[in-house]
Peer 1: 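Just dropping this structure here.
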There are 2 protein chains.
Amino acid sequence: MASSNELLHGTLETLILKTLQGGSRHGYSIARWLEDETSDGLQIEEGSLYPALYRMERRGWIEAEWGKSELGRKAKFYRLTAEGKSQLARQTNEWAAFAAAVSKILLPSTGLIAEKA
Amino acid sequence: MASSNELLHGTLETLILKTLQGGSRHGYSIARWLEDETSDGLQIEEGSLYPALYRMERRGWIEAEWGKSELGRKAKFYRLTAEGKSQLARQTNEWAAFAAAVSKILLPSTGLIAEKA
DNA sequence: CGTAGATACCTTGATAGTCAAGGTATCGTC
DNA sequence: GACGATACCTTGACTATCAAGGTATCTACG
């Protein structure tokens with residue numbers, strides 16, 4: 001529904017890292033999982049997904065390995081590196097702080113704000 | 001703290017609209033207010049602020065008028081139009097939905113999710 | 001047999017928004 | 001008279017997203 005998801009800017013990488021925290025996955029599966037998990041609240045475009053995966057691999061946050069998908073097709077599986085794990089922690093904190101700040105402005109009525117420790 | 005705020009992408013306009021909901025303000029004052037209100041959790045760069053104001057004026061979401069600031073300096077005051085108000089409502093909903101989806105993935109532990117009516 | 005749809009990958013070009021870094025001008029203060 | 005705060009504005013580079021294309025394999029259906 002949201003015309004174009006520029007809101008995703010900078011968040012997609014964190015979402016991918018988080019997805020991989022649950023175990024190794026291939027790209028297509030990462031997208032499906034995120035969409036399923038949010039009941040299509042998030043829509044992951046392949047034109048954003050794959051470039052994001054390459055960026056993160058280049059930076060050493062994730063590692064790739066060719067394998068076979070659940071359905072027996074060839075698929076490239078990604079897994080978190082140690083560097084990726086610490087990035088995930090860092091970026092999750094950043095997002096929580098950002099979301100809290102924006103929520104404080106935009107949604108002052110709802111009591112949904114996350115607090116920093 | 002957050003290195004570069006690409007998270008702001010698409011959110012800045014909504015934040016500005018929301019700021020103007022509290023009454024007419026000039027650009028510089030909008031930035032100060034947002035930073036104060038979030039205890040510098042948000043940092044508004046002028047290179048993002050002014051272009052955003054022009055975009056929104058061009059689209060008819062806000063209207064500008066020259067006046068004098070609290071300190072007697074010349075300043076351009078912006079106010080919400082009817083179109084801007086409905087945009088604010090629409091974009092606030094979009095953000096709430098997006099933030100809820102991302103929070104569900106990234107912060108499953110905290111019970112901070114907003115629900116749609 | 002062939003064709004359609006789902007799976008799974010990848011690339012290109014356009015677009016748009018942010019940022020860093022510059023700049024102007026006024027006012028008050030030390 | 002120099003500095004810092006107020007208040008505006010612009011430029012160029014960057015970066016991530018998206019739309020829209022493409023390849024290949026497998027299954028299912030008629």
Side-chain angles (χ1 to χ4, degrees), chain A residues 1-17 24-36 42-59 61-62 64-78 91 94-95 98 102, chain B residues 1-17 24-36 42-59 61-62 64-78 91 94-95 98 102:
Chain A
M1 280 303 129
S3 40
S4 79
N5 241 351
E6 25 180 296
L7 292 177
L8 212 50
H9 249 273
T11 313
L12 179 57
E13 296 183 358
T14 315
L15 291 168
I16 293 173
L17 289 175
S24 180
R25 271 181 191 273
H26 58 272
Y28 192 80
S29 160
I30 292 171
R32 289 312 132 252
W33 185 80
L34 282 170
E35 292 176 354
D36 286 357
L42 295 176
Q43 199 142 345
I44 311 300
E45 302 295 333
E46 303 197 347
S48 308
L49 173 68
Y50 291 108
L53 288 170
Y54 307 148
R55 282 199 303 272
M56 296 166 74
E57 189 181 7
R58 188 174 0 108
R59 293 175 193 151
W61 300 356
I62 58 178
E65 193 179 7
W66 283 99
K68 283 207 172 305
S69 76
E70 319 75 46
L71 296 174
R73 294 192 174 83
K74 96 179 183 340
K76 202 192 271 181
F77 285 79
Y78 292 92
Q91 293 182 193
E94 275 179 26
W95 195 82
F98 175 76
V102 175
Chain B
M1 279 301 130
S3 40
S4 80
N5 242 350
E6 26 181 296
L7 291 178
L8 213 52
H9 247 273
T11 313
L12 179 58
E13 296 183 357
T14 314
L15 290 168
I16 293 173
L17 289 175
S24 180
R25 270 182 192 274
H26 59 272
Y28 192 79
S29 161
I30 293 171
R32 287 314 131 251
W33 186 80
L34 282 170
E35 291 175 354
D36 286 357
L42 295 177
Q43 198 140 345
I44 312 300
E45 301 296 332
E46 303 197 347
S48 308
L49 173 69
Y50 291 108
L53 288 169
Y54 307 149
R55 284 198 302 272
M56 297 166 74
E57 190 182 8
R58 188 171 2 104
R59 293 175 192 152
W61 300 357
I62 58 178
E65 193 178 8
W66 284 100
K68 282 208 174 306
S69 77
E70 319 75 49
L71 296 174
R73 293 191 176 83
K74 97 178 178 353
K76 201 192 273 182
F77 285 80
Y78 292 91
Q91 293 181 194
E94 275 178 27
W95 194 83
F98 175 76
V102 175

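Below, chain A is the first sequence line, B the second, and so on; all start at residue 1.
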Peer 1: Which part of the nucleic acid, if any, lies within contact of Ser69(B), taking any heavy atom under 4.0 Å across all strands shown: a base, the sugar-phosphate backbone alone, or nothing?
Peer 2: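 Sugar-phosphate only.
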
Peer 1: Starting at atom CE of Met56(B), determine the distance to atom P of dT18(C), rounded to an integer number of angstrom.
Peer 2: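 Rounded to the whole Å, the gap is 11 Å.
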
Peer 1: Under 4.0 Å, counting only non-hydrogen atoms across every strand here, what does Gly72(A) touch: a base, just sugar-phosphate, or nothing?
Peer 2: nothing

Peer 1: Would you mind reading off the distance between Glu65(A) atom CD and dA8(C) atom P, rounded to a whole angstrom?
Peer 2: 17 Å

Peer 1: Among dC26(D), dC19(C), dA16(D), find the nucleotide with the atom closest to the side chain of Arg73(A).
Peer 2: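 The closest nucleotide is dC26(D).
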
Peer 1: In whole Å, what is the span from the CG atom of Leu7(A) to the P atom of dA16(C)?
Peer 2: 16 Å

Peer 1: Given dC8(D), is OP1 or OP2 found less than 4.0 Å from the side-chain N or O atoms of Tyr28(B)?
Peer 2: no

Peer 1: How long is the line joining CZ of Phe77(B) and C1' of dA7(D), in whole Å?
Peer 2: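 After rounding, the gap between these two atoms is 11 Å.
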
Peer 1: Is a side-chain donor or acceptor of Glu13(A) paired with a backbone partner of Ala52(A) at a separation under 3.5 angstrom?
Peer 2: no

Peer 1: Whether Ser48(A) contacts dC18(D) is assessed here as follows: a side-chain N or O lying under 4.0 Å from the phosphate OP1 or OP2. Is that the case?
Peer 2: yes

Peer 1: Please determine, for the side chain of Glu45(B), which listed nucleotide (dT17(D), dA20(C), dA7(D)) has the closest atom?
Peer 2: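 Of the options given, the side chain of Glu45(B) lies nearest dA20(C).
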
Peer 1: When the distance from CG of Leu71(A) to P of dG5(C) is rounded to whole Å, what number comes out?
Peer 2: 18 Å

Peer 1: Can you check the Lys68(B) NZ to dT6(D) C1' distance for me, whole Å?
Peer 2: 13 Å

Peer 1: With respect to the side chain of Lys76(B), which nucleotide from dC8(D), dA8(C), dG17(C) is positioned closest?
Peer 2: dC8(D)

Peer 1: Counting only side-chain heavy atoms from C-beta out, which of dT10(D), dA7(D), dG17(C) sits nearest to Tyr54(B)?
Peer 2: dT10(D)

Peer 1: What nucleotide among dC9(D), dT11(C), dT18(C) has an atom nearest to a side-chain atom of Pro51(A)?
Peer 2: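 Shortest atom-to-atom distance from the side chain points to dT11(C).
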
Peer 1: Check the pair His26(A), Glu70(A) against side-chain contact (heavy atoms from CB on, under 4.5 Å), reporting the backbone distance first and the verdict last.
Peer 2: CA-CA 10 Å; His26(A) 58 272; Glu70(A) 319 75 46; 3.0 Å; yes

Peer 1: Could you check how far CG of Leu49(A) sits from C1' of dT12(C), rounded to whole Å?
Peer 2: 17 Å

Peer 1: Closest approach of Arg25(A) and Ile30(A), non-hydrogen atoms and distance?
Peer 2: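 Residues Arg25(A) and Ile30(A), closest heavy atoms: CB-CG1, 3.8 Å.
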
Peer 1: Check every atom of dA5(D), dC10(C), dA8(C) against the side chain of Tyr78(A) and return the nucleotide holding the closest atom.
Peer 2: dC10(C)

Peer 1: Quick one: CH2 on Trp61(A) to CD on Gln91(A), what's the gap to the nearest 0.5 Å?
Peer 2: 4.5 Å

Peer 1: Would you kindly give the CZ-to-C1' distance between Arg58(A) and dT15(D), to the nearest whole Å?
Peer 2: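 Whole-Å distance recorded here is 11 Å.
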
Peer 1: Working to the nearest 0.5 angstrom, can you tell me the gap between Leu12(A) CG and Met56(A) CE?
Peer 2: 8.0 Å

Peer 1: Using only side-chain N and O atoms of Arg55(B), determine if any of them is under 4.0 Å from OP1 or OP2 of dT15(C).
Peer 2: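 It does not, given that no N or O in the side chain of Arg55(B) lies less than 4.0 Å from OP1 or OP2 of dT15(C).
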
Peer 1: Report yes if at least one side-chain N or O of His26(A) is closer than 4.0 Å to OP1 or OP2 of dA8(C); otherwise report no.
Peer 2: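 So the side chain of His26(A) is within the cut-off, an N or O lying under 4.0 Å from OP1 or OP2 of dA8(C).
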
Peer 1: Quick one: do Phe98(A) and Thr11(B) satisfy side-chain contact (heavy atoms from CB on, under 4.5 Å)? Show the steps, please.
Peer 2: CA-CA 11 Å; Phe98(A) 175 76; Thr11(B) 313; 4.2 Å; yes

Peer 1: Taking the side chain of Glu46(B) as its heavy atoms from C-beta onward, which of dC9(D), dA7(D), dA16(D) lies nearest to it?
Peer 2: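 The answer is dC9(D).
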
Peer 1: Consider the side chain of Tyr50(A), meaning its heavy atoms from C-beta on, and name the nucleotide among dC8(D), dC9(C), dT10(D) that approaches it most closely.
Peer 2: dC9(C)

